[in-house]
Each structure stands twice: as structure tokens, then as C-alpha cells.
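Report on the structure given below.
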Amino acid sequence: MLHSSVIPFIALFLVVILHLLEQANTEKCDYFTGNWIYETSSKSPFYDSKLCPFIGKEFSCEKNGRPDQRYHNYRWQPTSCNLSRFNGHDLLEKLRGKSVMFVGDSLSRNQWTSLVCLLYNSEPQQKYKFTRGSDDLTMLTFTEYDVKVMLNRNQYLVDLVNETNGRILKLDSIEISGKPWKGIDMLIFNTWHWWYRKGSGQPWDYIEVSNELYKDMDRMVAFEKALNTWAAWIDNNIHPSTSIVFFQGISPTHYNGTEWDEVGGTCMGETELIEGSTYPGGSPLALKVLKKVLSTVENMVTLLDITNLSQLRKDGHPSIYGINGKSVMDCTHWCLSGVPDAWNQILYNLLL
Ligand SMILES: *[C@@H]1O[C@H](CO)[C@@H](O)[C@H](O)[C@H]1NC(C)=O
Ligand SMILES: *[C@@H]1O[C@H](CO)[C@@H](O)[C@H](O)[C@H]1NC(C)=O
Ligand SMILES: *[C@@H]1O[C@H](CO)[C@@H](O)[C@H](O)[C@H]1NC(C)=O
Ligand SMILES: *[C@@H]1O[C@H](CO)[C@@H](O)[C@H](O)[C@H]1NC(C)=O
């Protein structure tokens with residue numbers, strides 16, 4: 001027989017063990033490995049893109065005449081656990097009084113737009129204030145919650161400055177870029193798609209490294225150097241107790257059908273995703289470089305490792321139903337509602 005005085009201690013011990021087991025379980029959960037499930041319930045898609053006032057023409061595939069609909073209705077299912085449904089009211093409550101900022105290129109705008117649509121859709125009657133700043137800063141404030149969701153357009157993260165020599169991309173300087181990031185409660189960074197731009201699409205004349213100017217260099221090396229500069233900025237400027245930092249990861253493109261065994265194809269006319277969990281084309285080298293740099297950051301940065309799950313969605317891009325219609329083939333961005341909603345659902349689950 002146990003002495004009755006030890007029973008409370010045994011109970012407490014069991015509670016602690018259960019709690020630890022539960023923690024181990026959530027830590028083990030890999031949200032980024034899984035497959036897409038077609039869902040036709042009333043809860044899918046996440047929102048009606050035609051009713052979200054913040055979607056620009058570039059992501060409004062349906063309005064731009066895309067005839068098929070299935071791409072709206074897929075839900076991401078991790079293999080080893082379940083995602084909670086996105087709950088906009090709950091997230092606004094959690095973020096009350098706080099600021100969120102997406103920093104990066106148009107893939108950041110893609111995810112920002114998805115998030116503001118998801119939040120708006122949860123309470124379409126709520127008041128908001130939309131500000132488009134002059135300095136590459138767009139802001140949507142959900143006024144009842146005092147939540148600011150911002151977008152800072154910045155293709156390279158490191159400084160790009162005009163000097164007498166021309167436009168200089170400074171791989172080891174980030175002071176100018178970093179100004180708007182200070183004091184933000186939650187930051188979600190991204191840079192990748194601009195690194196291989198050449199010719200008229202390249203917005204710089206020289207690359208500067210250690211005070212030397214170069215006409216050009218290996219772009220993957222340049223990308224890694226810039227990421228290292230960014231990583232040092234995070235360690236020097238972010239206080240982990242007050243700010244939370246994510247990296248959006250490498251969003252894949254679908255211009256080369258050979259990757260999914262369709263010779264000569266692009267994303268044009270793709271209405272079906274890739275079944276299962278594995279993309280035949282393998283993993284991009286940029287992701288390896290990014291992971292290597294992230295492993296050196298001392299402060300906590302969480303990678304939204306969205307590459308694989310997005311690779312499976314060759315059906316998710318605008319193709320000719322994007323900003324410039326038939327004249328441009330867009331297999332880079334994502335139609336909304338669509339793939340970035342799943343990125344944000346995972347982001348929400350990581351914050352729970
Ligand atoms: C996920 O949800 C399904 C059904 O909703 C359930 O059967 C399954 O046990 C859940 N899996 C986990 C790991 O919680
Ligand atoms: C830099 O110069 C380019 C033209 O060479 C111009 O388009 C751009 O606005 C300038 N940027 C700044 C910050 O002055
Ligand atoms: C398309 O992908 C295949 C296989 O990954 C590769 O061999 C080929 O060079 C690529 N084509 C282009 C135009 O990039
Ligand atoms: C993504 O796919 C690659 C192979 O293409 C694999 O090595 C990697 O573990 C996968 N990552 C995740 C998060 O599933």
C-alpha cells in the first residue's frame with residue numbers, strides 16, 4: 001500500500017512525464033514532409049480570391065481567366081502529424097498589438113498577400129487601414145487588433161546603392177536595407193530569385209566584396225556571401241526574447257518539364273499536381289546553401305522549408321493568367337488562393 005501522502009507526488013510526476021512526451025511529440029513533427037489532399041468541403045478553398053481586396057492582378061489567376069479550379073482545393077497533409085486549420089481570429093488575437101514584416105522579392109509579396117487575405121477572410125467586416133509607402137513598404141493594419149502586417153520589398157537583402165561608378169550590390173553591407181527591420185516583432189525573410197538575373201533584368205552594374213568591385217562573379221557564391229551578411233545582422237540586431245524570425249525558404253519554379261518527366265513542357269496547361277511526396281527533379285542547390293548558412297546563425301531562425309511541398313504543385317502557377325496575360329509565362333509566382341496559403345497555415349502552426 002502506498003502511503004497517501006506520496007500520491008500527489010506520483011500524480012505530479014505523471015503529469016510532468018506526459019507533458020514531456022507531448023513536447024517531444026510536437027518537436028518531432030515535420031510539417032514539411034507529406035502530400036497534398038484534394039478537398040471539396042465547404043472549408044476549401046481557404047478564401048474566395050474574388051472577395052479579397054488585397055490580391056493584385058499578378059496572383060488573380062481566376063479573374064485573369066484561368067479556366068480550371070482544382071488548384072484552389074488542395075490541403076497539405078504532413079506524414080507524421082496533422083496541421084491545425086488556419087484560424088484567422090486566433091492568429092489576430094495572438095498578434096494583438098504586434099508587427100509582422102515580410103522582407104524580400106515578389107515571392108514575399110505572394111506570401112504577404114496570402115496572409116492578409118486569410119486574416120481578412122476570417123472577419124470580413126473588420127476595419128483595416130491600407131498604406132502603400134514610398135519607400136518600398138506596404139502595410140495593412142487590422143485596426144481592431146492593432147496588428148500590422150507589412151511588406152518590405154528587397155530583392156537581395158544586402159545593400160544595393162547608386163554611386164558614381166554605377167549601381168553597386170554590396171555583399172557585405174546591409175545597414176541601409178536593415179533599417180526598417182529593427183523593432184519588428186516577427187520577420188519573415190526571403191531572397192533567391194533575383195540572384196541569377198542578367199542583362200536588362202539585372203538591377204546592378206557591379207558587385208562589391210571587401211571593398212573590391214567585380215563586374216560579375218559566381219552567383220551562388222554571391223548568394224551565400226549575402227546570406228552570411230544577413231545572418232550576422234540577425235545575430236547583432238535581433239533580440240530572441242522579443243522578436244521571432246523565419247526564413248521563407250526557396251520557392252521552386254516549373255519552367256522545365258524534364259524535371260517531372262514531361263519533355264519540353266512548362267507549367268502552362270498544368271492542371272494536376274504531382275502525386276505523393278517526392279519531386280522527380282530533386283532538390284535545388286540554393287536550398288543546401290541556405291540551410292548551411294542558417295545553421296551558423298546563433299539566434300533562432302526557423303526555416304519555412306516549403307521547397308518540396310511547393311515542387312509538387314506544378315499546377316499552382318499563373319502561367320499566362322498572371323500580370324501581363326498571354327505575353328508572359330509565369331511559372332515562378334503562385335495563384336491565390338493556392339500554395340502560399342499552405343505556407344501560412346504551417347507558419348500559423350509553428351506559432352501555436
Ligand atoms: C490526424 O487526423 C486523423 C483524422 O482527422 C486521425 O485519424 C489521425 O489519428 C491524426 N493523426 C495524428 C498524428 O494526430
Ligand atoms: C539608382 O539609379 C537608377 C538608374 O540608374 C534609378 O532607376 C534608381 O531609382 C536609383 N535609385 C536610387 C535609390 O537612387
Ligand atoms: C531541364 O532539366 C533537365 C533535368 O533536370 C536538365 O538536364 C536540362 O538541362 C534542363 N533544361 C533547361 C533548359 O534548363
Ligand atoms: C525534400 O526532398 C529531398 C529530395 O529531393 C530530400 O532529400 C529532403 O529530405 C526533403 N525535405 C523534406 C523537408 O521533406
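Atoms within each ligand, like the ligands themselves, are counted from 1 in listed order.
The side chain to side chain donor-acceptor pair (under 3.5 Å) pairs that include a residue from residues 233-245 number zero, where partners must be two or more places apart or lie in different chains. Applying the side chain to side chain donor-acceptor pair (under 3.5 Å) definition to pairs two or more places apart or across chains, those involving residues 208-224 are Q202-R219, D216-R219, E224-K292. Sorted by first and then second residue, the side chain to side chain donor-acceptor pair (under 3.5 Å) pairs with a member in residues 318-329 form an empty list; sequence neighbours excluded.
When each of F59, Y120, W112 is checked for a ring pair (Phe, Tyr, Trp, His ring centres under 6.0 Å) with F54, only Y120 meets the rule.
Atom OH of Y206 has 12 or fewer heavy atoms from other residues, nucleotides or ligands within 6.0 Å. Other residues, nucleotides and ligands contribute at most 12 non-hydrogen atoms within 6.0 Å of the CD atom of E298.
Below 3.5 Å of separation, one finds no N or O of E259 facing any N or O of ligand 3. For ligand 4, the polar-atom distance check finds no N/O of D305 at less than 3.5 Å from any of the ligand's N/O atoms. When only interatomic distances are considered, the shortest N/O to N/O separation between D30 and ligand 4 does not fall below 3.5 Å.
Here W76 and Y31 keep their ring centres 6.0 angstrom or further from each other. Checked against the 6.0 Å centroid threshold, Y145 and Y128 do not count as a close aromatic pair.
Close contacts between ligand 4 and T33 involve ligand atoms 12 (C), 13 (C), 14 (O) [criterion: under 4.0 Å to a heavy atom].
Protein residues having a heavy atom under 4.0 Å from any atom of ligand 1 are S80, C81, N82, listed by chain and number.
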